[in-house]
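Right, one structure below, let's go through it.
On a predicted model such as this, the values are computed, not experimentally measured, just so you know. If you read the sequence from its start, that first residue is 1, and numbering goes on from there.
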Amino acid sequence: MNFLHNSYSTFYFGMGNCEGIVNLMRFMLYLLGIESENVHCHDRRYSASIESNHALLRIKNNGKWLYYDAVYDRDNSEQLYGKTYEEMSEYVDLSRFEKDI
């Protein structure tokens, strides 16, 4: 299962889960000098899980943190934009720490 979380596997083999995609994107942003963080959350669209089951990317843009869901927004480039805490909270449960940022 670690194979799917790995940024190298996601890039080289084109196979990765949400965390693998976020890890790869975060590495690329690091190379560009853009501040970002991995965010683990509970995605309510998957009711079978009651704990953290999804990964998002948080990117600092003009001094403000925005969230990106690279898995669900990647098929529609028109939707790949930063979302606020409130917008992301429509379908994911984020920690209180995220709200205080």
Side-chain angles (χ1 to χ4, degrees):
M1 189 68 174
N2 286 337
F3 179 81
L4 296 175
H5 299 281
N6 188 304
S7 60
Y8 175 79
S9 300
T10 302
F11 174 76
Y12 190 75
F13 298 109
M15 296 173 59
N17 62 10
C18 56
E19 191 171 9
I21 294 168
V22 166
N23 287 336
L24 176 59
M25 290 180 69
R26 185 154 184 239
F27 177 71
M28 292 187 295
L29 289 167
Y30 168 79
L31 293 176
L32 295 171
I34 298 171
E35 193 174 353
S36 66
E37 297 288 335
N38 292 23
V39 176
H40 297 276
C41 60
H42 174 250
D43 189 337
R44 292 189 305 271
R45 293 173 289 189
Y46 295 100
S47 59
S49 176
I50 60 170
E51 55 189 40
S52 181
N53 63 354
H54 191 47
L56 304 171
L57 187 63
R58 184 176 65 220
I59 301 173
K60 198 168 211 176
N61 186 354
N62 294 325
K64 181 179 178 183
W65 287 103
L66 296 173
Y67 297 86
Y68 294 82
D69 191 342
V71 173
Y72 293 102
D73 294 340
R74 70 179 170 186
D75 292 333
N76 187 352
S77 61
E78 294 173 10
Q79 290 183 345
L80 190 56
Y81 62 93
K83 296 176 182 145
T84 64
Y85 175 89
E86 289 76 20
E87 290 172 319
M88 289 306 300
S89 294
E90 291 177 12
Y91 66 95
V92 299
D93 296 322
L94 298 163
S95 74
R96 288 185 75 67
F97 169 77
E98 297 297 328
K99 185 165 179 74
D100 296 336
I101 290 182

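With values rounded to the nearest 0.5 angstrom, Tyr91 atom OH is found 6.0 Å from His54 atom NE2. Expressed to the nearest 0.5 Å, how far CD1 of Ile59 lies from CG of Leu66 amounts to 8.0 Å. Here CG of Leu29 is found 9.0 Å from OH of Tyr68. Values are rounded to the nearest 0.5 Å. Note: Asp93 CG to Met88 CE = 11.0 Å, rounded to the nearest 0.5 Å. In this structure, the separation between SG on Cys18 and CG on Asn53 is 7.5 Å, given to the nearest 0.5 Å. With values rounded to the nearest 0.5 angstrom, Asn23 atom CG is found 9.5 Å from Leu57 atom CG.
Linking Ile, Leu, Val, Met, Phe, Trp and Tyr whenever their side-chain heavy atoms come within less than 4.5 Å leaves Val22 and Leu31 in two separate clusters. Criterion: ILVMFWY side-chain heavy atoms under 4.5 Å apart, direct or through other members. Under it, Val39 and Tyr30 are not part of a common hydrophobic cluster.
You'll find the side chain of Glu37 stays beyond 4.5 Å of the side chain of Lys60, heavy atoms only.
Residues Thr84 and Glu87 share a closest heavy-atom pair of N-OE1, 2.8 Å.
Side-chain atoms of Arg44 come within 3.5 Å of backbone atoms of Val92 as a donor-acceptor pair (strictly under, hydrogens ignored). Within the 3.5 Å criterion, the main-chain N or O of Lys64 finds no donor-acceptor partner in the side chain of Asn61. Side chain of Arg26 to backbone of Ser36: a donor-acceptor contact under 3.5 angstrom is found.
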